[in-house]
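Numbers restart at 1 for each chain; the letters A, B, ... are given by sequence-line order, proteins then strands.
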Amino acid sequence: MARQYGVTSVNAPKQVGAALLGMGEELSAKTANGQIAVGKEVLLPLADLDKDWHRIGGREPNPLADAVLRSKRAGKWAVSYCAAMLDAMDSGGRIHPMINTLGARTARWSVSAPPLQQLPSSEWRIRRCIIADNPGDVIVASDFAQVELRVLAALAGASRVVERINAGEDLHSLVTRMVFPETAAMTDAELKNDKRRKLCKTISLGKAYAGGINTLARQTGLPVQQVKTAVQAYDRAIPEFGRWSKRLTREAYSNNMTITTPSGRILRLNRDKAYTAIAFMCQSSARDILGEALLNMRDAGLLRYVIGVVHDEVIASAPRKDAEEVSREIGRCMTMPFFGVDIASDPEVYGPTWGHGYAKHGPAADAIAETMEVAT
DNA sequence: TCAATGGGCGCG
DNA sequence: AAAGCGCGCCCATTGA
């Protein structure tokens, strides 16, 4: 398909860029080195697709852009995930990934061969390769609820936020009520699909990940000026985050670009990115909370069920009859206070394979249900 | 033939 | 004022 347009390899950005230009497309985005960018951000709009690969209906799709996108995704999945898992499989059908428990600069874990933490989550065909230990067993999992944002609230000393989290109020809803006073009386149900809640959620994540105004504008699809106004309202409603950021940045500058986490880890920031201090702090502390949870699981004798970790999520395998209890107990081990804020988790029982929520919601629900019938 | 670099893309 | 953070790993290209 792509060959018709003179593209012999979809992984060669030069070829793809030249072919698209030849078709009359305008490619204005450039990479850091000044070359023409032809990543997903460029290709998806050309193919008239949104970030979930659904037709937008805004233009005639460019067939080459569409073909390149699909070919690259298929190649990536086949090689990086399928082949990598088959390569890593032992004679008993098990994989034993390499875990570097201090892999990242923030001390997060890195996992390789295969990259268990990177398996596609947006659909189920790859993750279903991970199956429960024994026939009749099921995968159970538990993930932390907005752990990095709760860490941010606690360490920044945003006591009004922390109090409301601990009272059980939904995090993004409570932030929305603080930032937009006119929403203060709205219920969670009313706020659920409100664009102000969506905006506040994006801004909150931007705070935790050190994102800028332009990134927020791109993520929300809103004009920069409107985002700017909203961020100002946010900072006025919750001034603690900005103050903490300033304090941490100062600490970094006076300590040779390092900051020290509450657990005593010394984190080195990029020399020219002092503004990432809160991102490093939140990510590293979230990692330590997961470590604490794993120690709790060890003490509770639950580690024998655990088969993997994905940053803020614990994956386990258990006999079906024990699944509810194992899941609940793992969830309990992941529940703890952290500098005054409650850390909560969301335990779930999946099915015979690892596939997030699809057994319940996805288009493959029937197939999964059938698989479960056969397996049990 | 090999290592380094750049672009790209999967995850939380 | 302005700034997405952290990874693993793929392919193509480049320069020894």
Side-chain angles (χ1 to χ4, degrees), chain A residues 7-17 29-44 51 68-69 71-85 87-88 97-123 126-127 143-149 152 202-219 224 227-228 231-232 242 245 249 267-270 272-287 290 308-315 356:
Chain A
V7 176
T8 57
S9 171
V10 293
N11 291 313
K14 262 185 180 169
Q15 289 184 26
V16 175
K30 298 283 184 291
T31 68
N33 286 327
Q35 302 180 43
I36 298 169
V38 285
K40 265 204 324 184
E41 234 159 64
V42 174
L43 261 29
L44 281 174
K51 62 178 172 52
V68 168
L69 282 165
S71 171
K72 283 172 83 168
R73 184 171 67 173
K76 175 128 187 150
W77 288 13
V79 176
S80 298
Y81 308 130
C82 293
M85 281 194 278
D87 276 354
M98 297 294 302
I99 299 174
N100 183 350
T101 54
L102 296 171
R105 292 235 305 286
T106 55
R108 282 227 289 204
W109 291 17
S110 66
V111 178
S112 56
L116 201 66
Q117 301 195 118
Q118 278 87 12
L119 301 186
S121 66
S122 61
E123 62 97 85
I126 302 295
R127 283 193 173 182
D143 61 323
F144 287 120
Q146 314 105 4
V147 58
E148 290 179 10
L149 291 179
L152 171 61
T202 306
I203 296 176
S204 293
L205 289 171
K207 301 275 178 204
Y209 293 154
I213 297 286
N214 292 325
T215 306
L216 294 179
R218 183 162 36 77
Q219 285 170 347
V224 168
V227 172
K228 228 177 237 175
V231 170
Q232 280 168 6
S245 176
T249 306
L267 306 179
R268 174 164 298 282
L269 308 181
N270 292 328
D272 55 345
K273 292 185 179 176
Y275 63 89
T276 61
I278 48 178
F280 272 65
M281 202 64 126
C282 291
Q283 196 173 105
S284 195
S285 293
R287 176 261 182 239
L290 177 67
V309 158
V310 187
H311 298 308
D312 69 344
E313 185 177 10
V314 173
I315 317 294
H356 202 110

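- A/Gln35 comes within 4.0 angstrom of sugar-phosphate atoms only, judged by non-hydrogen atoms across all strands, and of no base.
- Put simply, A/Tyr209 rests on the base of C/dG4: the two rings are less than 5.5 Å apart at their centres and nearly parallel, under 30°.
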- request: Determine, step by step, whether A/Asp312 and A/Leu290 satisfy the side chain to side chain contact (heavy atoms under 4.5 Å, CB included) criterion, reporting the C-alpha distance in whole Å, the side-chain angles of both residues, the deciding distance to 0.1 Å, and the verdict.
  value: CA-CA 7 Å; A/Asp312 69 344; A/Leu290 177 67; over 6 Å; no
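- Taking 4.5 Å as the limit, every side-chain heavy atom of A/Arg108 sits out of range of all side-chain heavy atoms of A/Leu102.
- Within the nucleic acid shown, A/Gln146 has no heavy atom closer than 4.0 Å to any nucleic acid atom.
- Put simply, NZ on A/Lys228 and CG on A/Asn214 are 8.0 Å apart, with the number rounded to the nearest 0.5 Å.
- For the pair A/Arg105 CZ and C/dG4 P, the interatomic distance rounds to 16 Å; values are reported in whole Å.
- Nucleotide B/dG10 holds its P atom 11 Å from the CD atom of A/Glu123, rounded to whole Å.
- For C/dA3, the OP1/OP2 oxygens have a side-chain nitrogen or oxygen of A/Asn214 closer than 4.0 Å.
- Put simply, CG on A/Leu152 is 16 Å from C1' on B/dG12, counting in whole angstrom units.
- Heavy atoms of A/Leu119 sit under 4.0 angstrom from primed sugar atoms or phosphate atoms, though from no base atom.
- Within the 4.5 Å cutoff, the side chain of A/Pro120 has heavy atoms near those of the A/Tyr81 side chain.
- A/Lys72 has a side-chain polar atom (N or O) that falls below the 4.0 Å cut-off from OP1 or OP2 of B/dC9.
- Using a distance-only test at 3.5 Å, with no hydrogens or angles considered, a donor-acceptor pair links the side chain of A/Gln15 to the main chain of A/Thr8.
- Comparing atom distances between the A/Asp312 side chain and each of C/dA3, B/dG10, B/dG12 picks out B/dG12 as nearest.
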- prompt: For every nucleotide of nucleotides 8-16 of chain C, 5' to 3': is a protein heavy atom under 4.0 Å from its base (B), only from its sugar-phosphate (S), or from neither (-)?
  reply: BBSSS-S--
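- Distance CD (A/Gln283) to C1' (C/dC7): 8 Å, rounded to an integer number of Å.
- Look at A/Asn270 and you won't find any side-chain N or O under 4.0 angstrom from OP1 or OP2 of C/dC5.
- Within the 4.5 Å cutoff, no side-chain heavy atoms of A/Pro13 are placed close to those of A/Gln35.
- At a threshold of 4.5 Å between non-hydrogen side-chain atoms, the residues A/Leu152 and A/Lys207 count as touching.
- Shown here for A/Leu149 and A/Ala208, the closest heavy-atom pair between the two residues is CD2-CB, 3.7 Å.
- The OH-P distance, from A/Tyr275 to C/dA1, rounds to 17 Å in whole Å.
- With C1' as the reference atom, B/dC9 and C/dG4 are 16 Å apart, rounded to whole Å.
- Rounded to an integer number of Å, the gap from CD of A/Gln232 to P of C/dA1 is 9 Å.
- With a 3.5 Å limit on both pairing distances and Watson-Crick or G-U wobble geometry required, the stems of 3 or more pairs in DNA chain C span B:1-12 with C:5-16.
- Side-chain contact between A/Trp109 and A/His311 is absent, with no heavy-atom pair separated by less than 4.5 Å.
- Candidate nucleotides B/dC11, B/dG10, B/dG6 were compared by shortest atom distance to the side chain of A/Ser121, and B/dC11 ranks first.
- Without hydrogens or angle criteria, A/Ser285 side chain to A/Met281 main chain gives a donor-acceptor distance under 3.5 Å.
- Within the 4.0 angstrom heavy-atom criterion, base atoms lie near A/Arg108.
- Under 3.5 Å, the side chain of A/Gln117 and the base of C/dC7 form no donor-acceptor pair of N or O atoms.
- For the pair A/Met85 CE and B/dG10 C1', the interatomic distance rounds to 12 Å; values are reported in whole Å.
- Between A/Val10 and A/Ser71 the shortest heavy-atom distance is CG2-OG, 3.4 Å.
- The interatomic distance linking A/Leu69 (CG) with B/dG8 (P) rounds to 12 Å, in whole Å.
- Within 4.0 Å (heavy atoms only), A/Ala37 reaches sugar-phosphate atoms of the nucleic acid but no base atom.
- Here A/Trp77 lies in heavy-atom contact (under 4.0 Å) with sugar-phosphate atoms only.
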